[in-house]
Amino acid sequence: MGSGPPAGVVITAGAAELLARLQEHHGPVMFHQSGGCCDGSSPMCFPRGDFLVGDRDVLLGVLDVGDGVPVWISGPQYQTWKHTQLVIDVVPGRGGGFSLEAPEGVRFLARGRVFTDDEQAELRGTPVITGADYERGERPCARGQVVTDAALRTCPPAR
């Protein structure tokens, strides 16, 4: 990669298009990667400020869509998945009840790509940004890219 550690989160072109439409209608938005419960493990999209980020939540990154879309995950869940790049995609189906895409007939879907050994080594030296850090003004130095489906190297969703 060369230009710093890999992004903790990226987004597919289709998901980025939907996200841009949601931003036009709802203003600035954010994601929180759900840890289960009501909506499984879907990335939930909220108007920014409608979901309270916890002090120990971890910022996976800011997606390069519109003015930037922060993507958060709970601290304990991050510890389980820190070896994996989150890839936000969109598929047909009913969105999570509280997520902004719910009325659109599609839902955001989290896919994973395991970081290579070299990428994991780069990430070990990179401090994470927690909700408390973000509140104090810390921000990531790069944004998560919009990627093509061919670049994903992830498993397709179960049918």
Side-chain angles (χ1 to χ4, degrees), residues 1-19 22 29-46 48 51-66 68-91 93 95-96 98-101 106-159:
M1 300 202 106
S3 62
V9 61
V10 295
I11 189 167
T12 65
E17 289 174 21
L18 173 60
L19 194 54
L22 292 173
V29 298
M30 52 94 59
F31 277 106
H32 193 278
Q33 175 59 42
S34 171
C37 182
C38 305
D39 289 303
S41 58
S42 298
M44 303 291 287
C45 184
F46 302 101
R48 207 170 302 163
F51 181 90
L52 296 179
V53 173
D55 285 349
R56 296 183 345 177
D57 286 349
V58 172
L59 181 66
L60 290 176
V62 177
L63 296 170
D64 195 15
V65 179
V69 178
V71 180
W72 295 91
I73 190 169
S74 74
Q77 190 175 6
Y78 172 78
Q79 290 304 316
T80 301
W81 292 100
K82 65 184 174 185
H83 66 283
T84 306
Q85 183 179 57
L86 187 72
V87 180
I88 297 179
D89 199 359
V90 64
V91 295
F98 300 111
S99 194
L100 290 176
E101 83 281 8
V106 294
R107 66 185 180 93
F108 288 113
L109 175 75
R111 299 177 194 255
R113 181 188 70 83
V114 176
F115 289 119
T116 66
D117 290 342
D118 289 344
E119 289 172 326
Q120 288 186 48
E122 281 187 84
L123 288 167
R124 276 192 285 277
T126 305
V128 298
I129 297 174
T130 65
D133 298 330
Y134 195 84
E135 189 67 27
R136 287 191 298 272
E138 289 188 42
R139 299 295 184 269
C141 56
R143 289 190 173 184
Q145 304 169 322
V146 177
V147 296
T148 63
D149 292 341
L152 293 180
R153 299 184 315 242
T154 62
C155 296
R159 301 238 184 253

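Keep in mind that the numbers below use all heavy atoms, side chains included, and drop hydrogens, waters and symmetry copies. In this text the structure is predicted, and so the values were computed from the model without any measurement. Residue numbers start at 1 and run along the sequence shown.
Across all their heavy atoms, G112 and T84 have their closest contact at CA-CG2, 3.6 Å. Annotation for C45 and S99: closest pair N-OG, 2.8 Å, computed over non-hydrogen atoms. Across all non-hydrogen atoms, the minimal contact from V62 to P140 is CG2-CG, 3.7 Å. Minimum heavy-atom separation, A16 to V146: CB-CG2, 3.8 Å. Taking each heavy atom of V90 and T12 in turn, the nearest pair found is N-OG1, 4.3 Å. S74 approaches D57 most closely through the heavy-atom pair CA-OD1, 3.4 Å.
Applying the ring pair (Phe, Tyr, Trp, His ring centres under 6.0 Å) test to Y134 and every residue at least two apart in sequence or in another chain returns W72. For V71, the side-chain contact (heavy atoms from CB on, under 4.5 Å) criterion is met by V9, F31, L60, L63, L86, I88, not counting sequence neighbours. With sequence neighbours excluded, the residues forming a side chain to side chain donor-acceptor pair (under 3.5 Å) with D133 are T130, R136, listed by chain and number. Under the side chain to side chain donor-acceptor pair (under 3.5 Å) criterion, Q79 pairs with K82, sequence neighbours left out. For R56, the side-chain contact (heavy atoms from CB on, under 4.5 Å) test picks out P76, with sequence neighbours left out.
Rounded to the nearest 0.5 angstrom, D89 CG and R107 CZ are separated by 10.0 Å.
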| Please walk me through it: do E101 and L22 pass side chain to side chain contact (heavy atoms under 4.5 Å, CB included)? | CA-CA 7 Å; E101 83 281 8; L22 292 173; 4.2 Å; yes
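Residues L59 and E138 have side chains not in contact (no heavy-atom distance under 4.5 Å, counting atoms from C-beta outward).
In this structure, Q85 contributes its side chain and V10 its backbone to no donor-acceptor pair below 3.5 Å.
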